[in-house]
Amino acid sequence: MGSAWMTRDTRRSGLSLLIVGLLGIIFFFATDPRFGVVKAERFHAPVDAVVDGTPGTLVGLIGSSVVVAAGLWLLTRRDT
């Protein structure tokens, strides 16, 4: 009985991490000066906006991808 609760809680945590990670990916992609909603051409110096925004976007996308991977791993765990 105890392991059934653990499995349900683990899957719920995995689903939460998956959703938060996907929202993070959408956020960092949407705020990127090259690909996002606000394009770099709207800035005074578009090249500077891309150079300044790219490292933050890459770190955010990598971090969010790690969160998605952790969520998927928790969702696929089997009861032992």
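Numbering of residues begins at 1 and proceeds along the displayed sequence. Both backbone and side-chain heavy atoms feed into the values below; hydrogens, waters and symmetry mates do not.
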Could you grab the distance from atom [atom1] of [X] to atom [atom2] of [Y], nearest 0.5 Å is fine?
X	Y	atom1	atom2	answer
Leu72	Leu15	CG	CG	10.0 Å
Leu75	Arg12	CG	CZ	12.0 Å
Ser13	Leu18	OG	CG	12.5 Å
Ser64	Leu17	OG	CG	11.5 Å
Asp32	Phe27	CG	CZ	11.0 Å
Asp52	Thr57	CG	OG1	11.0 Å

> Are Ile19 and Val68 in one and the same hydrophobic cluster, where Ile, Leu, Val, Met, Phe, Trp and Tyr link if side-chain heavy atoms are under 4.5 Å apart?
Replying inline: yes
> Should Leu23 and Leu61 be regarded as members of a common hydrophobic cluster, given that ILVMFWY residues are connected when their side-chain heavy atoms come within less than 4.5 Å of each other, either directly or indirectly?
Replying inline: yes
>> Can you give me the closest heavy-atom contact between Arg77 and Arg11, atom names plus distance?
In response: O-NH2, 3.9 Å
